[in-house]
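Here's the structure, in structure tokens; my notes come after.
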Amino acid sequence: MDNCLFCKIIKGDIPSTKVYEDEFCFAFRDINPQAPTHILVVPREHVASIAEAGEKLSPEALHALISAIGKIAAQEGLNNGFRVVSNCGPDACQSVLHLHFHILGGRQMADQMA
């Protein structure tokens with residue numbers, strides 16, 4: 001998609017700090033981290049949110065995204081745990097309409113997520 005921030009990052013038109021990539025996904029450090037480790041994992045194919053991912057992404061791409069999250073967490077040394085979040089739609093404050101998973105770790109998370 002031409003105006004999508006994450007599509008531009010994937011293409012290299014906008015710089016990022018890449019931490020992982022494969023044929024299905026791309027991962028980079030968040031520019032406004034909410035935890036000591038805050039990485040975004042996005043599919044290379046433009047899909048607006050998790051709500052349409054099951055219909056628009058192949059099973060291989062979905063598997064690659066989930067597998068990448070585990071690989072990145074291990075690579076980052078998040079051995080005590082981490083949180084994975086995907087905001088979906090305006091009520092959830094999704095700021096970029098490209099499916100993305102936040103990997104948050106490196107500290108004790110709050111018990112409540114609301």
Side-chain angles (χ1 to χ4, degrees):
M1 180 170 274
D2 292 338
N3 290 330
C4 175
L5 174 67
F6 291 167
C7 287
K8 290 178 181 180
I9 289 172
I10 293 165
K11 289 192 316 190
D13 296 342
I14 295 175
S16 68
T17 304
K18 177 179 68 171
V19 297
Y20 179 88
E21 70 177 317
D22 63 29
E23 65 181 294
F24 297 106
C25 59
F26 188 85
F28 55 97
R29 297 200 186 277
D30 194 295
I31 61 169
N32 185 26
Q34 303 300 304
T37 300
H38 188 168
I39 296 168
L40 301 176
V41 182
V42 302
R44 288 186 177 277
E45 182 179 344
H46 182 84
V47 176
S49 72
I50 194 76
E52 60 184 46
E55 293 178 17
K56 295 194 175 182
L57 290 177
S58 70
E60 294 157 322
L62 289 168
H63 181 268
L65 283 166
I66 299 305
S67 294
I69 291 168
K71 291 175 187 175
I72 294 163
Q75 172 184 301
E76 294 291 315
L78 300 176
N79 302 320
N80 273 347
F82 56 95
R83 183 169 285 167
V84 178
V85 177
S86 183
N87 300 321
C88 183
D91 282 354
C93 299
Q94 183 180 4
S95 59
V96 177
L97 294 179
H98 185 123
L99 172 61
H100 55 288
F101 295 95
H102 298 259
I103 301 173
L104 300 152
R107 66 167 165 82
Q108 175 69 49
M109 298 288 156
D111 191 33
Q112 294 182 344
M113 289 190 283

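The basis for the numbers below is simple: all heavy atoms, side chains too, and nothing from hydrogens, waters or symmetry mates.
With rounding to the nearest 0.5 Å, the separation of CG in N3 from CG in L97 is 11.5 Å. Of the inter-residue distances, the one linking Q75 atom CD with Y20 atom OH reads 9.0 Å to the nearest 0.5 angstrom.
Taking each heavy atom of R83 and A110 in turn, the nearest pair found is NH2-O, 2.9 Å. In terms of heavy-atom proximity, G54 sits nearest to L62 at CA-CD1, 4.3 Å.
The list of salt bridge (Lys or Arg N to Asp or Glu O under 4.0 Å) pairs with a residue in residues 92-101, not counting sequence neighbours, is empty. Screening residues 66-92 for ring-ring contact (aromatic ring centres under 6.0 Å, His included) gives no qualifying pairs among residues at least two apart or on separate chains.
A search for salt bridge (Lys or Arg N to Asp or Glu O under 4.0 Å) contacts involving E45 returns nothing, not counting sequence neighbours. Legend: residues meeting side-chain hydrogen bond (donor to acceptor under 3.5 Å, both in side chains) with E21, ordered by chain and number and at least two apart, are K18, R44. Applying the side-chain hydrogen bond (donor to acceptor under 3.5 Å, both in side chains) rule to N87 yields no partners; only residues at least two apart in sequence or on another chain are considered. Evaluation of the side-chain contact (heavy atoms from CB on, under 4.5 Å) rule for E60 yields F24, S58 as partners, not counting sequence neighbours. Qualifying side-chain hydrogen bond (donor to acceptor under 3.5 Å, both in side chains) partners for R29, counting only residues two or more places apart in sequence or in other chains: E76.
V96 and L40 fall within the same hydrophobic cluster, defined by Ile, Leu, Val, Met, Phe, Trp and Tyr side-chain heavy atoms under 4.5 Å apart, directly or through other members. There is no path of hydrophobic side-chain contacts, each under 4.5 Å, that joins I69 to V85. Placement of L65 and I72 within a single hydrophobic cluster is found when ILVMFWY residues are connected by side-chain heavy-atom separations under 4.5 Å, directly or transitively. If you chain together hydrophobic residues whose side chains sit under 4.5 Å apart, F26 and I66 never meet in one group.
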For residues 6-15, dump all side-chain donor-acceptor pairs below 3.5 Å to protein atoms at least two apart in sequence or in another chain.
none

Under 3.5 Å, which donor-acceptor pairs do the side chains of residues 99-107 form with other protein atoms, sequence neighbours left out?
from: H100; atom 1: ND1; to: H98; atom 2: O; distance (Å): 2.6
from: H102; atom 1: ND1; to: H38; atom 2: NE2; distance (Å): 2.7
from: R107; atom 1: NH2; to: Q34; atom 2: O; distance (Å): 2.9

